[in-house]
Amino acid sequence: MNTINKSRRNFIKTAGALAIGSTLPLSLVELAFADSSQNFTFAYISDAHIQHIKDNRFVRNWDRGLIRAVAETNLLVPKPDFVMFGGDLAQLGSKPELDHGAEILSALHGEVRHVMGEHDYYLDLGEYWEKLFGPQYYSFDHKGVHFIVLNSIKTYDDWTFKRWPTAEQRMLEMAGLDNPNGSPFMVGEEQRLWLKNDLAKVAKDTPVVVFSHSPLQKIYKGWNFWTEDADQVQALLKPFKKVSVIYGHVHQIQYNQIGNISFNSVMATAWPWPYPQSYAQAEQHLPKLTVPMNRADPFFERDATGWQFINMANGNVDLNFTLYDNSSRVIRYNGKQKRPEDALYQDEKARIVPQTHY
Ligand SMILES: [Fe+2]
Ligand SMILES: [Fe+2]
């Protein structure tokens, strides 16, 4: 009972602050540019991992994380132009999970678009997901920005079609984050060809924003914080002046710049993953510019989870992280340095020293 009361109080507190607080910074951003018609906001919710127990029972904590993101997104002022859901809506890709997740998301005001996650995909290879949410990859234009959604979590046909006795087994193998039986994610040739043709119609100075589930860069292979053909996808995006890639899957804040491409991750509503280097000192390539979050405190079920709203300001993305149990974070594109950076903690002296875990 206490926990419920505490969460409710926190929600009312946060929701109130959002409703009052969000008007000001958004207006300021719009005023900062001469052509404010190009500036707009969209919301991004990701990695809900809705998990079916049995009958009409689902894991309550994951439900609550998503319900809260939906409620808070609906309070944004001004209203976001659209909402993205970044994948891993379900835990094991089943119909009850996808249906239940879709039902929770149906409370969102405005248009919702989806990205495929591996937890949504590997039971029926996206068949039911497509019925609910549409194609697995597509593009759209909005206020002068070209948006692209890719399914980046596909893998080799041999692994997908020949290795497992049942679809359930295949799903379980890919759902385990550090399971050595998993297989590297990839966009694949078919989608890369589609992407090439799609981009051929776009002017080189049009801002391009790509949504994927896994990072379209190679960070840590052991947990599939990695896309096998990332370099080839990056090469297709290279001719464009302003490119941003926004990805889920990692359940933590990451950001960096590779050439003309800004990379930003989003948080999960379900649970946080630690940074790879805290796990057995494993070899990884987390970009050096990332300001680490401290590892989540297991005594607070909503620690290091949340959702985000994104200002599209002159073709660059500024991510505003709304974290349920932590101070908000802003990762903003620095036009002078030409890279995204933490607006609050970039200065070493302002950082909280990370804890060491063994
Ligand atoms: Fe996830
Ligand atoms: Fe994922």
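Order of appearance sets the numbers: ligands from 1, and atoms from 1 within every ligand. Quick note: numbers below take in every heavy atom, side chains included, and nothing from hydrogens, waters or symmetry partners.
Between Asp88 atom OD2 and His49 atom NE2, the angle centred on the Fe ion (ligand 1) amounts to 90° (nearest 10°). Take the Fe ion (ligand 2) as the corner point: the lines to OE2 of Glu118 and to NE2 of His213 open at 140°, to the nearest 10 degrees.
Residue His119: no N/O/S atom is found under 2.8 Å from the Fe ion (ligand 2). Counting backbone and side-chain atoms alike, His251 contributes an N/O/S atom closer than 2.8 Å to the Fe ion (ligand 1).
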Apply ring pair (Phe, Tyr, Trp, His ring centres under 6.0 Å) to the pair Phe133 and Phe85, showing each step before the final yes or no.
-> CA-CA 10 Å; Phe133 306 126; Phe85 187 83; 8.0 Å; no
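With rounding to the nearest 0.5 Å, the separation of CG in Asp198 from OG in Ser139 is 3.5 Å.
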Would you tabulate the side-chain donor-acceptor contacts of residues 101-117 under 3.5 Å, counting partners in other chains and residues two or more places apart, or write 'none'?
unit_1: Ser106; atom_1: OG; unit_2: Glu103; atom_2: O; d: 2.5
unit_1: Glu111; atom_1: OE2; unit_2: Arg113; atom_2: NH2; d: 3.3

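A salt bridge is absent between Glu173 and Arg163; no separation between the charged side-chain nitrogens and carboxylate oxygens falls under 4.0 Å.
Met186 is not connected to Ile153 by any chain of hydrophobic side-chain contacts under 4.5 Å among Ile, Leu, Val, Met, Phe, Trp and Tyr, and they are in different clusters.
The Fe ion (ligand 1) is closest to atom OD2 of Asp47 (considering only N, O or S atoms). The N, O or S atom of His249 with the smallest distance to the Fe ion (ligand 2) is ND1.
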